[in-house]
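Worksheet: one structure, shown below.
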Amino acid sequence: MPSAVAPQRSILWFRKGLRLHDNPALLAAIQSATHLYPVFVLDPWFLKPERVGVNRLNFLLESLTDLRSSLQARGSNLLVLRGTPQDVLPRVWKDWNITRLCFEVDTEEYAKDRDSKITEAAKQAGIEVVTCVSHTLYDTKDVVAKNGGKPPLTYKGFEKAITSLGPPPAPVADPPANLPPIDASSKGTDSSETGVPSLTDLGYPDEASTDIKGGETEALARLAEQLSDKAWVAAFEKPKGDPTAFIKPATTVLSPHLKFGCLSPRLFYEALQRVYKEKKQHSKPPVSLLGQLLWREFYYVVAAHTPNYHRMEGNPICKQIPWDDNEDFFRAWEDSRTGYPWIDAIMAQLRRTGWMHHLARHCVACFLTRGDLYVSWERGRDTFDRLLIDGDPSLNSGNWMWLSASSFFYQYFRVYSPVTYGKKYDPEGKYVKHFLPILKDYPPKYIWEPWKAPLSVQEAAGCIIGKDYPAPIVDHAEASRRCIQRMKQAYDNQPHAAQPGTKEALKRSANDGANGALKAKKARRGN
DNA sequence: CAGTGGTTGCACAT
DNA sequence: ATGTGCAACCACTG
């Protein structure tokens, strides 16, 4: 093992995992290292307005700034480089006489391809490559192996697999107070050339519209603050949260930090276990806070091991549904012009703050797809992927498949109401008025369905429906009824069921039989 | 093959 | 607050 003892010059390549705590790749990089080059590559593939909105980009830049300060405090630095990693990294590892490249495993589609190319090139150049799993609790491959070689498609199956794996690894030790230096003679490493750019440097507006702040320091403070209310942690049940709470959200809002790895999932896991140990009575997965972390893990496992996971076509776990290609409906949904204040306010919150409560996401996702507009989940997914600060492809596509009843969840007749769902949490309409100020003077009686207000009320509120704020683009009762019918048809027409005598067809008829028997039983009970 | 359960539906009953 | 009808899905189990 000569590499373990020979003096090393390491690149630590940050992508996600923008933290020093629980960073096994960092510990690997400093092993017998004389020099350490912490690098982040700003990839033009990612830096496009259609791919990342100003709020998430701002969060990333804040995270990089924080990481840079932390590294500087340890005698190191963060070298922020610009360009495609496949171009940039081979250039610098040559310039800097690098012997070892360390990074965190990233299971996402784009990352897998990028990393395999980089790994190949590094090996060709005689550079040792070390990768570590620390973005997820487990190595996703291990979960799949425990589930018989396939990713689990139910939470129960997932739970069984991780139970047999045992608890995830504990966080690794913090790095030492002094890190190996960057060789001052190395080309292009001067602090003036390697700083974190501003939003305007990258062609974005000069500031974000959100209050959500990025960075490991912020993440650890938020974790401590959220978990300090132990009674709240112990009682947490996701479906009981209030999606209209916006001054103090009903959840932890740690998701952006988990997305970028400012917070280690293993540290979060460990911190939760400490609270649960103290509070004997506490909620359990899947609804507890721990459950939320496990759902994240679930989607990472499925995403990493399902071909064409981010598309309907060619995706073996996704129902094939002939969605409407209705650009007007899609635009109205995206731009808060559906005429349903609940839907439009949620989308306004998304654009302004880059975050909404999970259940609010459900409502707009259901509305766009199987509930009302019958537009493809891939369209809505793209909008979320761009605008959410916590936009994380594995979770995002998975949740869109869930809500559109394309995978994981199939009770398509359970449709969220774009009127009553928000109203039951917020009868006064404070949420709507905050995010749709045009409606701020509507009386509570009409705030959730302003088109029902008499003209005199509309005039008094200074907002005429159909002129200042749209009338509903669909009648929900009618649209949802039709969507349910179309979903039934789409399910019946799944390509797998086409050939009689196939395994799938046999399974179908078995299910029909079960259904028939249930109907008969109901009929008997009725008589 | 029959039955059970599925993180989070709605409207209306009691 | 809990229960029901709605029209009836799927994955998984034994």
Side-chain angles (χ1 to χ4, degrees), chain A residues 147-148 150-161 235-245 250-251 283-299 302 316-321 342 356-367 369-372 395 398-399 401-425 448 476-477 479-494 496-497 503-504 506-526:
Chain A
N147 193 56
K150 287 191 313 188
L153 295 179
T154 62
Y155 185 83
K156 278 261 180 321
F158 169 76
E159 197 174 41
K160 217 165 142 186
F236 183 95
E237 290 185 32
K238 183 66 155 286
K240 292 188 179 159
D242 175 1
T244 69
T251 54
S283 54
K284 298 266 160 52
V287 296
S288 64
L289 267 185
L290 174 60
Q292 306 317 300
L293 189 59
L294 297 180
W295 276 108
R296 171 183 184 272
E297 193 79 7
F298 170 79
Y299 285 123
V302 184
I317 67 167
C318 185
K319 290 281 185 190
Q320 303 299 301
I321 296 168
W342 173 231
M356 321 88 98
H357 188 276
H358 184 66
L359 294 175
R361 301 180 194 200
H362 277 214
C363 290
V364 293
C366 179
F367 188 87
T369 59
R370 67 181 168 86
D372 292 83
L395 283 62
N399 276 306
M401 282 190 266
W402 184 298
L403 263 298
S404 63
S406 296
S407 196
F408 310 117
F409 170 88
Y410 306 95
Q411 288 155 291
Y412 55 75
F413 37 83
R414 291 189 184 174
V415 176
Y416 291 91
S417 165
V419 173
T420 55
Y421 195 86
K423 196 192 220 167
K424 76 183 172 202
Y425 294 100
W448 298 99
H476 172 66
S480 59
R481 217 177 303 125
R482 183 162 146 70
C483 281
I484 290 170
Q485 285 167 6
R486 296 180 73 182
M487 287 297 289
K488 176 171 173 47
Q489 212 164 33
Y491 272 35
D492 286 346
N493 290 339
Q494 285 310 292
H496 299 297
K503 212 168 128 191
E504 287 79 8
L506 290 170
K507 206 171 100 186
R508 270 210 79 69
S509 65
N511 284 341
D512 289 349
N515 210 7
L518 191 57
K519 267 179 189 155
K521 198 164 129 187
K522 281 237 171 184
R524 277 198 300 278
R525 194 165 44 175

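So you know, we letter chains A, B, ... as the sequences are listed, proteins then strands, and number each from 1. Reckoned from all heavy atoms, side chains included, excluding hydrogens, waters and symmetry mates.
Counting only distance, with no hydrogens or angles, the side chain of A/Arg370 and the backbone of A/Arg414 share a donor-acceptor pair below 3.5 Å. Checked by atom type and distance alone, the side chain of A/Tyr421 never pairs as donor or acceptor with a backbone atom of A/Val419 at under 3.5 Å.
Nucleotide C/dT13 is matched to B/dA2 when pairs are restricted to Watson-Crick or G-U wobble geometry with both distances under 3.5 angstrom. Across all strands shown, C/dA7 forms no Watson-Crick or G-U wobble pair with both distances under 3.5 Å.
At C/dC10, none of the side-chain N or O atoms of A/Thr154 fall inside 4.0 Å of OP1 or OP2 (strictly under the cut-off). The side chain of A/Lys156 contributes no N or O atom lying less than 4.0 Å from OP1 or OP2 of C/dA11. Applying the 4.0 Å criterion to OP1 and OP2 of C/dC12, one finds that A/Lys150 has every side-chain N and O outside that range. Contact annotation: A/Lys424 does not reach the phosphate of B/dG9 (side-chain N/O to OP1 or OP2, under 4.0 Å).
Using a 4.0 Å heavy-atom cutoff across all strands shown, A/Val415 reaches sugar-phosphate atoms only and no base atom. Within the 4.0 angstrom heavy-atom criterion, no nucleotide atom of any strand lies near A/Glu237.
Per the geometry, CZ belonging to A/Phe413 stands 9 Å off C1' belonging to C/dC6, to the nearest Å. When rounded to the nearest whole Å, the span between CD of A/Gln411 and P of B/dT4 equals 15 Å. In this structure, NE2 of A/His362 is placed 17 Å from C1' of B/dC10, rounded to the nearest angstrom. In this structure, A/Arg414 places its CZ atom 8 Å from C1' of B/dG6, rounding to the nearest Å. Between the NZ atom of A/Lys284 and the P atom of B/dG6 there is a distance of 15 Å, rounded to whole Å. Between A/Asn399 atom CG and B/dT7 atom P the separation is 12 Å, expressed in whole Å. We find that OH of A/Tyr416 is positioned 12 Å from C1' of B/dC10, with the value rounded to whole Å. Note: NE2 (A/His358) to C1' (B/dG9) measures 14 Å, nearest angstrom.
Comparing B/dG9, C/dC10, B/dT7 by their nearest atom to the side chain of A/Pro239 picks out B/dT7. Nearest nucleotide to the A/Tyr421 side chain, out of B/dT7, C/dC10, B/dG9: B/dG9. Side-chain atoms of A/Thr420 lie closest to B/dA11 of the nucleotides C/dA8, B/dA11, B/dT8. Distances were taken from every side-chain heavy atom of A/Trp402 (C-beta onward) to each of C/dA8, B/dT7, C/dA11; the shortest belongs to B/dT7.
The aromatic rings of A/Tyr155 and A/Phe158 sit tilted relative to each other, their planes meeting at an angle between 30° and 60°. The aromatic rings of A/Trp402 and A/Phe409 sit parallel, their planes meeting at an angle under 30°, below the 60° perpendicular limit.
Nucleotides B/dT7 and C/dC6 have their P atoms positioned 26 Å apart, rounded to a whole Å. Comparing the C1' positions of C/dT4 and C/dA8 gives an interatomic distance of 15 Å, to the nearest angstrom.
One distance of note links OG of A/Ser406 with OH of A/Tyr491; it measures 7.0 Å at 0.5 Å rounding.
Considering only heavy atoms from C-beta on, A/Trp342 comes within 4.5 Å of A/Thr244 through its side chain.
In this structure, A/Tyr155 does not count as stacked on the base of B/dT7 under the 5.5 Å centre distance and 30° plane angle limits.
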